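See below for the structure under consideration.
Within every chain, numbering begins at 1; the chains are lettered A, B, ... in the order of the sequence lines, protein sequences first and strands thereafter. A quick note: this is a predicted structure, and the numbers were derived from the prediction, not measured.
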Amino acid sequence: MTETADSRTRVERYDPTAIEPRWQSRWAELELYETDLADESRPKYYLLTMYPYPSGDLHIGHWYIKTPTDALARFRRMHGYNVFFPIGFDAFGLPAENAAIKNGGHPFTWTMQNIENMRRQLRSMGATFAWKAEVVTADPEYYKWNQWLFLRFLEAGLAYRAMSAVDWCPNDGTLAREQVEGTERRCWRCGAPVEKRDLEQWFLRTTRYADELLDFSGLDWPEPIKIMQTNWIGRSEGAEIDFEVAPDGFQSGGERIRVFTTRPDTLFGATFMVLAPEHPLVARLTHPDRRAEVDLYVEQARRQTEIERLSTDRAKTGVALGAMAINPVSGERIPIYIADYVLSGYGTGAIMAVPAHDQRDFEFAKKFGLEIRRVVAAPGTAADAPMDDAYVAHAADERLVNSDRFDGTLADEGGKAIVDWLAERGRAEPKVTYRLRDWLISRQRYWGTPIPVIYCERDGIVPVPDDQLPVRLPETVDYAGSGDNPLNHDQAFLRVDCPRCGQPARRETDTMDTFMDSSWYWYRYLSPNHSDGPVDRALTDRWTPVDQYTGGAEHAVMHLLYSRFFTKAMADCGLIGQREPFRRLFNQGQILGADGERMSKSRGNVQDPDELVQRYGADTVRLFLMFMGPWDQGGPWSPTGIGGVHRFLNRVWTLVIDAHGREPGDPDAGSLPPGESGADARVAIRSAAHRTLRDVSVDYEAFRFNTMIAKLMELANTLFRYRGSEVAGSTEWDEAIRLLLLMLAPAAPHITEELWSRRLAEANEPWASIHTQTWPEVDPSAVVESTREIPIQVNGKLRDKVTVPADASQADIEAAVLGRDRIQAILDGRAPDRIIVAGGGKLVNLVVR
RNA sequence: GCCGGAGUGGCGGAAUCGGCAGACGCAGCGGACUUAAACUCCGUAGCCCGCAAGGGCGUCCGGGUUCGAAUCCCGGCUCCGGCACCA
């Protein structure tokens with residue numbers, strides 16, 4: 001072997017830019033990662049990563065999301081699975097349209113350019129995507145099936161049309177939430193004040209599945225996501241109760257106002273009513289003297305966002321209508337108010353207010369000087385005790401008090417009796433409500449899937465016949481400098497003959513929410529060119545549900561709930577045979593800009609992966625992204641530390657290429673640690689390698705990539721200490737190197753492939769990719785230890801340690817501990833009051849008074 | 001505001017069935033190699049006191065439970081994600 005000083009200059013250096021493109025093209029040539037979906041010789045594994053939106057902001061965040069998933073794909077392949085790991089593009093959406101309006105050009109061009117660039121970057125990552133399965137949602141061959149599915153849902157009664165308000169700018173039409181700026185709520189493009197406008201729009205009936213969506217059995221999903229979805233669906237049981245409007249000098253009364261309540265037992269405490277400002281009876285019930293004030297309030301409430309309206313920390317506002325209602329059990333006349341904290345879209349859009357037992361009603365009553373009447377209380381509380389807050393009762397510890405004023409028998413009973421009593425008189429019914437609303441899919445935009453219906457004066461709403469799908473977007477688009485939907489002005493698109501009667505009719509110009517595209521795309525990956533339907537039933541039966549889905553936690557409720565809904569709806573239309581799309585889910589965190597904000601070009605905080613790849617190579621970037629921190633956490637981007645990961649790969653390179661070299665800078669290079677024999681060293685190497693294998697396998701399974709890499713670094717450091725010594729190149733050394741490369745292969749595919757191929761060449765064996773190797777097995781005998789070190793605490797503070805044989809009994813341990821000089825000195829003649837040997841000898845704590 | 005998550009050295013983070021706080025890495029410091037620098041390697045390293053041995057303090061803040069708390073409980077603060085037309 002060469003002498004030290006020379007070895008550093010003579011030995012070939014790790015040069016990723018030479019290695020990586022070579023292996024990438026080799027893998028592509030061999031089609032190493034195209035999946036044979038018909039292969040049944042191995043168990044299938046469908047691994048899905050959320051498909052990217054091809055925004056112009058190509059950044060490190062895309063790598064952060066995809067890299068660990070790719071490592072997992074490789075890990076599973078090494079375990080003998082037939083892995084399907086496809087990729088595609090979520091190609092419709094607002095940013096493309098914004099770019100087109102701003103810079104001219106066509107959303108299609110902008111999108112396809114971004115996709116091209118993204119494909120290149122994703123390839124440079126060395127990821128194992130099955131590119132032949134790719135889908136692009138803006139392709140008519142994809143969105144045709146959106147339309148087809150919509151029509152099936154329409155037939156099944158899952159799609160319907162209803163009025164709904166949008167944010168509206170007189171110049172730019174419908175605005176997305178992010179296009180409404182500031183508390184002034186102005187249009188981002190022209191600055192005009194944003195109005196609300198009611199439009200007929202299309203909905204999907206997600207609420208039909210509300211109860212089924214609450215059932216997560218059989219799903220291995222993170223607990224927080226299940227909780228968020230459960231809260232989002234927001235099931236509450238209660239009753240609907242009718243209150244009658246009392247006659248007065250201006251109107252004859254008698255209208256019924258239906259309220260929803262979860263607390264019918266508190267009906268005797270309902271001292272006023274509140275309607276949503278949008279409630280249909282508001283206009284009719286308003287007293288002429290109150291008209292001006294009410295109209296003003298309704299106007300103001302409509303301008304606010306729901307978040308503002310539901311905020312519990314602002315002062316309650318509202319206006320009395322000047323009309324009264326009658327409490328159906330007490331017969332009392334109670335005033336009717338409108339207030340923005342009641343929403344028209346939840347329950348019946350009206351509530352009975354029970355200020356004693358609901359905090360919002362309490363605050364409202366305080367502000368407007370309304371009666372607060374207690375109905376239930378904790379045991380021992382007087383019925384007239386003053387209240388600082390609403391008492392939200394617990395069923396277990398309350399007792400009923402109060403009102404014998406009108407019907408003593410009812411007042412003493414609970415909610416069920418009251419509802420039953422009212423129900424017999426046709427004034428109430430038990431009811432379950434959900435916070436979940438039906439899914440509004442209409443978008444007043446060009447760049448989305450056209451909703452395939454036609455409006456005919458004679459036949460009304462007419463679905464486009466299947467054989468006329470897809471309804472294509474016109475190829476040219478004229479935005480005319482406005483945000484308004486250009487389809488509204490495109491005569492060639494608009495004008496169509498009614499498929500039923502043949503008379504001139506008009507096309508629907510709304511397009512679909514892009515969440516529609518993303519609610520079933522993984523089924524299409526299995527047969528992207530299938531022309532007889534959206535999915536190939538034989539393939540979906542075999543390959544879905546998806547075994548593992550990974551993606552951002554920002555999709556916890558919307559995309560992940562819509563996808564579950566879609567699968568259930570498709571199943572009920574007979575298209576697939578399953579009711580849940582994703583068996584196991586992992587939500588990774590989001591990588592932010594260095595400033596802690598979301599990465600975007602406009603903020604100027606984008607990290608481009610290309611420059612990092614050029615400087616360090618893809619393997620280093622991949623490894624660094626996995627090493628940065630726990631994958632579910634994300635956080636602000638900082639390249640500090642990428643050099644450490646690069647050094648680690650350099651060390652691996654050196655270990656394999658130059659096992660016998662010696663570092664000139666290390667005075668101890670080439671010699672074993674003092675007191676260690678060659679035999680000791682070989683045992684230590686083998687033990688380190690197998691312990692690492694044991695732990696790393698667990699870390700991969702649990703998505704703990706950062707600690708997985710830390711453990712590989714430790715193993716490399718251990719081996720490095722023996723480099724150039726008599727044990728370098730021994731069979732134990734060789735085995736450890738082999739394990740190190742195999743364990744590292746999923747995370748750093750290029751360098752390991754290169755080093756693997758060199759080892760094969762050196763051994764005169766034929767080439768085989770490291771990525772087709774079998775994951776190694778732990779030798780349990782290599783990891784057993786003969787002794788263990790036990791920390792000793794006195795009164796909970798660490799004071800000493802003692803080494804005992806691994807099989808020492810509790811008595812042996814106690815004796816060893818008490819035999820320590822340091823412990824005797826600390827005890828100073830006292831006997832411990834207690835000796836706690838914790839965790840089967842993991843730690844000893846001596847308790848001394 | 002509501003729902004969910006997170007706060008640990010100068011920095012990223014490790015340790016969560018209640019049992020050695022700070023693995024691994026970055027930056028720092030000391031050294032080797034080099035004519036020199038870069039690269040590479042070895043060592044050191046929570047903070048405070050101390051020459052040292054050692055001692056005290058320490059996981060966002062305030063309480064509590066326990067032999068023992070980063071971890072469990074109660075109260076609070078800050079930051080991140082979502083809140084239905086960004087994707």
Side-chain angles (χ1 to χ4, degrees), chain A residues 4-5 8 13 50 52-53 55 90 92-95 98 166-167 174-180 222-225 227-228 230-232 234 305-314 345 436-437 439-445 513-515 518 552-559 561-562 587 589-590 592 596 598 600 624 627-630 632-636 638-645 647-648 650-651 654 662-669 706-707 709-714 717 720-721 789-793 795-798 801 832-836 838-839 842-848:
Chain A
T4 53
R8 207 157 58 195
R13 300 195 43 147
M50 287 180 188
Y53 178 77
S55 68
D90 186 15
F92 276 136
L94 199 53
N98 290 337
V166 295
D167 287 320
T174 305
L175 300 181
R177 168 141 302 178
E178 64 166 16
Q179 298 175 319
V180 179
E223 213 53 44
I225 304 293
I227 292 169
M228 278 190 269
T230 301
N231 293 338
W232 183 261
T305 67
E306 226 169 86
I307 292 174
E308 287 163 352
R309 287 178 59 165
L310 288 173
S311 174
T312 52
D313 76 345
R314 5 159 262 167
L436 179 71
R437 300 200 290 258
W439 175 11
L440 172 69
I441 59 159
S442 284
R443 297 293 181 268
Q444 290 77 47
R445 301 189 195 292
D513 182 0
T514 56
F515 276 125
S518 58
E554 69 272 21
H555 292 296
V557 279
M558 305 192 65
H559 163 59
L561 200 62
Y562 292 142
N587 283 118
Q590 234 179 338
L592 306 170
R598 264 179 75 158
S600 76
F624 177 60
F627 182 64
M628 271 172 51
D632 57 359
Q633 221 162 275
S638 161
T640 316
I642 193 168
V645 170
R647 261 194 287 279
F648 162 62
N650 262 309
R651 287 158 81 85
T654 307
R662 291 181 189 177
E663 287 306 317
D666 179 3
D668 299 325
N706 56 331
T707 54
I709 292 164
K711 283 159 194 164
L712 292 179
M713 287 174 166
E714 281 186 85
N717 290 346
F720 220 83
R721 272 195 284 282
E789 190 181 50
I790 299 176
I792 307 169
Q793 297 181 336
N795 291 336
K797 280 185 196 290
L798 180 71
K801 292 183 184 186
D833 297 290
R834 284 176 71 184
I835 301 176
I836 294 159
K842 225 171 160 182
L843 170 144
V844 174
N845 189 13
L846 305 178
V847 185
V848 194

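A 3.5 Å limit on both hydrogen-bonding distances identifies B/G19 as the Watson-Crick or G-U partner of B/C67. When Watson-Crick and G-U wobble pairs are counted only if both distances are under 3.5 Å, B/U35 pairs with no nucleotide at all. The pairing partner recorded for B/G50 is none, the criterion being a Watson-Crick or G-U wobble arrangement whose two distances lie under 3.5 angstrom. Pair assignment for B/A6: B/U78, on the basis of Watson-Crick or G-U wobble contacts that are both within less than 3.5 Å. Nucleotide B/U44 forms a Watson-Crick or G-U wobble pair with B/G28, both donor-acceptor distances falling under 3.5 Å.
Here the side chain of A/A710 is nearest to one of B/G82, B/A84, B/A23, namely B/A23. Of the candidates B/C41, B/C24, B/C85, B/C85 carries the atom nearest the A/R177 side chain, counting heavy atoms from C-beta on. Distance from the side chain of A/N845 is smallest to B/G68 among B/G82, B/A14, B/G68. Comparing B/A6, B/C20, B/C42 by their nearest atom to the side chain of A/Q633 picks out B/A6. Minimum atom distance to the side chain of A/P664 is reached by B/C33, of the listed B/G13, B/C24, B/C33. Distances from the side chain of A/H555 to the nucleotides B/G4, B/C67, B/A87 place B/A87 closest. Taking only side-chain atoms of A/F627, from C-beta outward, the nucleotide of B/C86, B/G12, B/C33 with the closest atom is B/G12. Of the candidate nucleotides B/C42, B/C86, B/A21, B/C86 has the atom lying nearest to any side-chain atom of A/A176. Side-chain proximity of A/I307 to the nucleotides B/C39, B/G1, B/A87 is greatest for B/G1. Comparing atom distances between the A/P791 side chain and each of B/C20, B/G19, B/G81 picks out B/C20 as nearest.
If you take CG of A/N231 and P of B/C83, they are 15 Å apart, rounded to a whole angstrom. Distance, A/K842 NZ to B/C17 P: 9 Å, rounded to whole Å. Taking atom CZ of A/R647 as the reference point, atom P of B/C42 lies 11 Å away to the nearest angstrom. The CE-P distance, from A/M713 to B/C24, rounds to 10 Å in whole Å. What separates CD of A/E223 from P of B/C3 is a distance of 17 Å, to the nearest Å. B/G68 atom P lies 21 Å from atom CD1 of A/I790, rounded to whole Å. When rounded to the nearest whole Å, the span between CG of A/L561 and C1' of B/A87 equals 16 Å. Protein atom CG of A/N587 is 19 Å distant from nucleotide atom P of B/C80, rounded to whole Å.
Classified by interplanar angle (parallel below 30°, tilted 30° to 60°, perpendicular above 60°), the ring pair A/F515/A/H555 is perpendicular.
Residue side chain A/R445 reaches the base of B/C85 through a donor-acceptor N/O pair under 3.5 Å, judged by distance alone. Taking 3.5 Å as the limit, the base of B/C20 and the side chain of A/K801 contain a donor-acceptor pair of atoms between them. If you check distances only, the side chain of A/D666 never reaches the base of B/C42 with a donor-acceptor pair under 3.5 Å. Within 3.5 Å, a donor on the side chain of A/Q444 pairs with an acceptor on the base of B/C85, or the reverse.
Proximity of A/R651 to the phosphate of B/C42: a side-chain N or O atom is located under 4.0 Å from OP1 or OP2. Proximity of A/N706 to the phosphate of B/A14: a side-chain N or O atom is located under 4.0 Å from OP1 or OP2. Within the 4.0 Å cut-off from OP1 or OP2 of B/A84, not a single side-chain nitrogen or oxygen of A/R437 is found. In this structure, A/N717 reaches the B/G25 phosphate: one of its side-chain N or O atoms is under 4.0 Å from OP1 or OP2.
Remark: the separation of the P atoms in B/G28 and B/G76 is 43 Å, to the nearest Å. Spacing of P atoms, B/C33 relative to B/C26, comes out at 23 Å, to the nearest Å. Taking atom P in both B/U66 and B/C49, the straight-line distance is 36 Å, to the nearest Å. Rounded to whole Å, the P atom of B/U71 lies 11 Å from the corresponding atom of B/G19. Taking the C1' atom of each, B/U16 and B/A6 are spaced 14 Å apart, rounded to whole Å. Rounded to whole Å, the separation between the P atoms of B/G63 and B/C41 comes to 48 Å. Nucleotides B/A69 and B/G18 are separated by 7 Å at their C1' atoms, to the nearest Å. The gap from the C1' atom of B/G43 to that of B/G54 amounts to 23 Å, rounded to the nearest Å.
Of all heavy-atom pairs between A/W439 and A/D513, the closest is NE1-OD2, 3.0 Å. Annotation for A/I792 and A/K801: closest pair CD1-C, 4.1 Å, computed over non-hydrogen atoms. The two atoms that bring A/D90 and A/Y53 nearest to each other are O-CD1, 2.9 Å, heavy atoms only.
Taking the nucleotide of RNA chain B with the nearest heavy atom to each of A/Q793 and A/P52, the more 5' of the two is matched to A/Q793. Remark on RNA chain B: of its neighbouring residues A/I709 and A/I225, the 5'-side contact belongs to A/I225, judged by nearest-heavy-atom nucleotide.
A donor-acceptor pair under 3.5 Å is formed between the side chain of A/N795 and the backbone N or O of A/V848. Checked by atom type and distance alone, the side chain of A/R445 never pairs as donor or acceptor with a backbone atom of A/L94 at under 3.5 Å.
Between A/E178 and A/R598 there is no salt bridge, since none of the side-chain N atoms of the basic residue sits less than 4.0 Å from a carboxylate O of the acidic one.
Side-chain contact annotation: A/R651 with A/N717, donor-acceptor N/O pair under 3.5 Å present.
At a threshold of 4.5 Å between non-hydrogen side-chain atoms, the residues A/I709 and A/V645 do not count as touching.
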